Amino acid sequence: MAGPLPARASSSPGAIPFGAAIQSDFFDADPDYRALFTRECDLVLPMNELKFALLRPTRETFAFEAADRMVDFARANGQASRGHTFVWWSTNPDWLEAIEDEGQAERVLVEHIERVADRYRGRLSSWDVVNEVIAHDPDEDGGPLRDTFWLRRLGPRHIPLAFRTAARIDPAARLVLNDYDLEFRGPRFDTRRAIALGIVRQLQDAGIRIDAVGIQGHLYAHQEIDVEALARFGRDLKALGVGLLASELDVIDFQVPGDAEAIDAAAGKVVSDFLDGLIGGQRPEAVVTWGLTDRYSWVGDAMPRADGRPCRPLPFDAELRPKPWYGELRRRLARG
Ligand code: G3I
């Protein structure tokens with residue numbers, strides 16, 4: 001069985017590894033951005049470059065260069081890296097979504113994982129094998145799984161197929177089910193946690209390896225974390241021999257009134273509650289943020305603030321100054 005993610009040599013011994021996703025768009029253009037990842041992270045991963053559409057513009061063409069550069073950058077700095085992602089509903093190329101035949105879709109999925117997992121074997125310590133396969137609102141959406149290209153073509157069996165293929169090609173990588181909305185209080189979130197556990201059990205019952213669940217951690221600063229339910233989720237996974245990590249942590253503040261200080265205080269509270277639940281259940285394999293600085297983030301594009309203030313989702317502000325909550329997060333991780 002694959003071991004946990006390695007911590008960077010410069011981290012304090014026993015610390016929970018800290019990582020962040022990097023955007024290749026700014027990798028060359030912004031040396032200060034690049035330096036921040038070099039200095040702060042035990043783990044660096046490509047935010048977008050391993051997604052299907054970017055990796056595979058045509059069925060015959062694999063475009064590995066951008067992802068390679070990020071992965072090589074991590075290795076050169078002695079940092080771990082992880083893969084995001086084989087199976088997703090978004091960022092698929094048109095040629096893929098145009099496939100109607102079940103057998104064709106299966107062949108493409110298997111060949112994709114074979115080719116990509118093989119290329120990065122030994123270089124990526126974990127893979128988000130499937131990303132966001134749980135229905136957004138399972139009661140409203142009429143089933144536990146999200147309606148995606150892969151579900152329509154292959155049915156629920158695409159999940160074990162993806163895990164089985166990834167396990168066959170890269171026996172050492174941690175194989176992860178990655179999803180969002182697994183930490184808040186309320187029935188929809190209880191249901192989503194239960195579905196995640198159900199998928200884990202089904203894989204295990206079928207003798208298929210799953211090593212961890214990635215809790216994305218796109219935290220809404222106005223929404224309450226269910227600390228106890230999150231800790232219970234971690235304990236339930238642990239009882240099944242399955243790890244967990246925070247895989248895409250950031251804070252969505254569009255419903256928090258006030259200035260930068262008020263926003264950061266609200267972010268600090270929600271991150272602290274999240275860590276209470278996360279670490280309360282079992283020791284996470286890593287805590288990974290979705291970017292590192294407010295200079296670049298999807299949050300402002302997707303959920304801008306009505307007051308026109310810039311969003312403040314990440315550990316460093318747009319001038320690359322650390323927020324108080326980042327210091328607290330690192331002290332928490334250092335305790336292990
Ligand atoms: O690279 C092009 C650039 O050349 C062009 O000028 C620009 C114009 O819009 O687009 C750039 O590509 C964008 C890319 O991000 C790089 O910034 C794409 O349009 C945009 O769709 C893409 O969005 C990404 C999104 O996933 C879709 O793949 C976000 O960066 C990324 O943060 C987001 O990440 C997801 C996780 O994978 C899964 N969980 C949720 C998370 C947030 O939505």
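As the structure is a prediction and not an experimental result, all values here were calculated from the model. Counting convention: from 1, in listed order, for ligands and their atoms alike.
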Give the protein residues with at least one non-hydrogen atom closer than 4.0 Å to an atom of ligand 1, ordered by chain and number. Gln23, Asp25, Met47, Asn48, Lys51, His84, Trp88, Thr91, Asn131, Glu132, Gln216, His218, Glu248, Trp290, Trp298

Under a 4.0 Å N-O cut-off, is there an ion pair linking Asp273 with Lys269? yes

Only residue of Val108, Thr61, Asn92 satisfying side chain to side chain contact (heavy atoms under 4.5 Å, CB included) with Arg56 is Val108

Extract all donor-acceptor atom pairs below 3.5 Å that involve side chains of residues 228-242 and protein atoms in other chains or at least two apart in sequence.
from: Glu228; atom 1: OE2; to: Arg235; atom 2: NH2; distance (Å): 2.9

We want to know whether Ser126 and Arg82 form a side-chain donor-acceptor pair, criterion being a heavy-atom distance below 3.5 angstrom. yes

Tracing side-chain links under 4.5 Å among I, L, V, M, F, W and Y, which residues wind up in one group with Trp88? Trp89

Can you run down the salt bridge (charged side-chain N to carboxylate O under 4.0 Å, His left out) pairs that involve residues 296-310, sequence neighbours left out, and say none if there aren't any? Asp253-Arg305, Arg305-Asp307, Asp307-Arg309

